[in-house]
2 protein chains.
Amino acid sequence: MTQSVPRSERASTPRSVDVARLAGVSQKTVSRVFNDEPYVSADVRRRVMAAADELGYRLNSAARALASGRTRSVGVVTLGTALYGPASLLMGIERAVRDAGYALRVVNTLEGDPAGVTGAVESLLDQGVDGIVISEPIDEGAVAVQVDVPVIVLGASPSFVAPRAVTAGVGADLLARVATEHLLDLGHETVHHLAGPQRWFAARDRLDGWRAALAARGRREPAVVEGDWSAASGYAAGRQLAADPGVTAVFAANDDMAIGLIRALAEAGRGVPEEVSVVGFDDIPVAAFVTPPLTTVRQPFDAVAQEGLRLLVHAIEKPEQDLPPANDPPVELVVRASTAQPRSRTIPGRDR
Amino acid sequence: MTQSVPRSERASTPRSVDVARLAGVSQKTVSRVFNDEPYVSADVRRRVMAAADELGYRLNSAARALASGRTRSVGVVTLGTALYGPASLLMGIERAVRDAGYALRVVNTLEGDPAGVTGAVESLLDQGVDGIVISEPIDEGAVAVQVDVPVIVLGASPSFVAPRAVTAGVGADLLARVATEHLLDLGHETVHHLAGPQRWFAARDRLDGWRAALAARGRREPAVVEGDWSAASGYAAGRQLAADPGVTAVFAANDDMAIGLIRALAEAGRGVPEEVSVVGFDDIPVAAFVTPPLTTVRQPFDAVAQEGLRLLVHAIEKPEQDLPPANDPPVELVVRASTAQPRSRTIPGRDR
DNA sequence: ATGAAAGCGCTAACAG
DNA sequence: CTGTTAGCGCTTTCAT
């Protein structure tokens, strides 16, 4: 006999057949109702829903995925840091994914992880996602996997390559350009740059924007100082920059570094903004409340996430169509008290 | 004829039968190899792996989940904020989940979301997770769903109820107690508290710890000022507290609020730490670099996540066994420059 | 507008 | 140590 109680208890959770039986319809009809398919009379739909409710029925996503070949989920590869930028983007992605009707699976790549992005993507593929978001990646060369689902890279330069991959930009270069121009507009001869780690695309973009702004006005390009995003590295850079009297304006690639920088400057007796102006990047929550309140650039994380997801979902659901045009997210410079005109400008008769 | 080409192209991805055929074994053996089951000869294992490699075979997780009844994934419900604390915890959870061999699915509950935690849990259940982590929840009353998988609540007081739910504590009350005692030890008569929003368990725990510390020494308990975690709310609270000359020490429930508070105090001419000592909570990355460097309490996010996951995995994999004892994560007070002895103590010919 | 039948690719249970 | 058989609960395809 094979009629015996199969697997475990069997008294378990209800399946669609149970609902069908109770509603007096076929199992397929239950499926139709739960998938919002057409050709189900309002009455039947109601009866099915009632039966499902009574039983506490829940669609089995594994069975659904197996039968349909789609998991209705997207995976995101993140850097695994609580840094304000990446964390904000992740939250934006979660929201956008959910709004699009997908579930979200997350895999981090720890810095220094040998498997890196490739390993993370692989793990997502094992899980069977319908699409992949790579958030703020660092440069590790191309991803060495055969990826057969659409991939979108958020916040990387378009040079990031992968099959079926598109890029949706934070446009950090533009933002960096705006920050640099603000300093130039105030009258500074040139602007120094406290860059992020150059393995990060996000850091490189900011460097590019800074460079472009200087070049556009024919200004001298000072040597770049590189930090690691941390306030501590900003502090170290600040000690170095404080020693150079030619430094009157610094654009830091993120707010944490800017804060460390300002502290080092202050300790060295070079007040901000009296002697040196500083612009940060991100507009972290405390930026308006540190001393001095930080002029910074705000990134539109939610907009970037939404935009990226729009493209990804399009690629998933309409594979044969071309991608819709990308919309550029808004740019915002928040001017506070850490930037001012250079001294030589405010007190004309030479420097003070 | 049913022999015609079924579903789509069929030239698609390889399945375990394909691997089996190529390796000259049965399909079940392939399954054995991929599940690291015993009783497979080294030779067969090698052949199977080689065949899988050649074909680019990947286990189909949906089929596996359907057949086994387990998804090998855990879901996490988070608050959807980039605040340092919650974001750090999330990263810790991701790591712990992956280390435990599970995949991670994430659902946020936006503050003010009508569906709330219940909706988030529901969505995780729809996705078919094996276990659920609820991270740093806010109080919405009990979760109104029939949950048939283990649930662990991170950073909530044990009063949070749900079927099969256990709590792994951040032990924020203990940490808050340490912070308060530090201030008392410095000689302050009492300590004011700038609390977080009381709907958050995390905020309540800190309040409790503060209260306990005062009570233990028989100190007067000043009125609590409540903020919303933001530096802006800390600033507002600071303006209020600055007006009260009796305030010589404040314990803020997080660093952001502490920073806003310090700014307001400074603007009101009440220097930190000369006139007022301030302790924060979290040790955010910039805490050491703001002015003055912030004395704060560091939460062991990774340890909490690991500990929580250990319990959850135990509950998933050995449902009939009792939970192992919980290990209390380490406590750390980071003393920097925002705290000092009160003036009245340092000036008179008394102490020192 | 509804139903019947046939898998989706894998693991479980039991033989050998 | 290895293979056989029977589903897991749903969607697909094709009838009706």
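Quantities reported herein were computed from a predicted structural model and do not represent experimental measurements.
- Within the 4.0 Å cut-off from OP1 or OP2 of D:dC10, not a single side-chain nitrogen or oxygen of A:Arg64 is found.
- Rounded to the nearest 0.5 angstrom, A:Lys28 NZ and A:Glu37 CD are separated by 4.5 Å.
- Nucleotide D:dT11 holds its C1' atom 12 Å from the CG atom of B:Leu66, rounded to whole Å.
- Side-chain contact annotation: A:Arg98 with B:Asn108, donor-acceptor N/O pair under 3.5 Å absent.
- With sequence neighbours excluded, the residues satisfying salt bridge (charged side-chain N to carboxylate O under 4.0 Å, His left out) with B:Arg58 are A:Glu122, A:Asp126.
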Run the side chain to side chain donor-acceptor pair (under 3.5 Å) check on B:Gln27 and B:Ser16 step by step: do they pass?
CA-CA 6 Å; B:Gln27 184 270 331; B:Ser16 60; 2.9 Å; yes
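- Listed by chain and number, the residues in a side chain to side chain contact (heavy atoms under 4.5 Å, CB included) with A:Asp99 are A:Arg95 (sequence neighbours excluded).
- Taking the screw axis at each terminus of the helix from C:dA1-D:dT16 to C:dG16-D:dC1 from five consecutive base pairs, the angle between the two is 20° to within rounding of 10 degrees.
- For the atom pair CG of A:Asp302 and CG of A:Leu89, the computed distance is 8.5 Å after rounding to the nearest 0.5 Å.
- Surrounding CG of A:Asp322 are at most 12 heavy atoms belonging to other residues, nucleotides or ligands under 6.0 Å away.
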Quick one, B:Asp36 with B:Arg45, criterion salt bridge (charged side-chain N to carboxylate O under 4.0 Å, His left out). Give me CA distance, side-chain angles, the key distance, then yes/no.
CA-CA 9 Å; B:Asp36 272 319; B:Arg45 193 175 294 272; 3.8 Å; yes
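- When the side chain to side chain donor-acceptor pair (under 3.5 Å) test is applied to B:Ser26, the partners found at least two apart in sequence or on another chain are B:Thr29.
- Taking side-chain N and O atoms only, A:Ser31 has a distance below 4.0 Å to OP1 or OP2 of D:dT11.
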Can you pull every protein N or O that's under 3.5 Å from an N or O on nucleotides 1-3 of chain D?
from  : atom 1 : to      : atom 2 : distance (Å)
D:dT2 : OP1    : B:Ser41 : OG     : 3.2
D:dT2 : OP2    : B:Ser41 : N      : 2.7
D:dT2 : O4     : B:Arg32 : NH2    : 3.4
D:dG3 : OP2    : B:Ser26 : N      : 3.0
D:dG3 : OP2    : B:Ser26 : OG     : 3.1
D:dG3 : OP2    : B:Thr29 : OG1    : 2.6
D:dG3 : N7     : B:Arg32 : NH1    : 3.3
D:dG3 : O6     : B:Arg32 : NH2    : 2.6

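- Across residues 46-61 of chain A, not one residue has a non-hydrogen atom less than 4.0 Å from an atom of DNA chain C.
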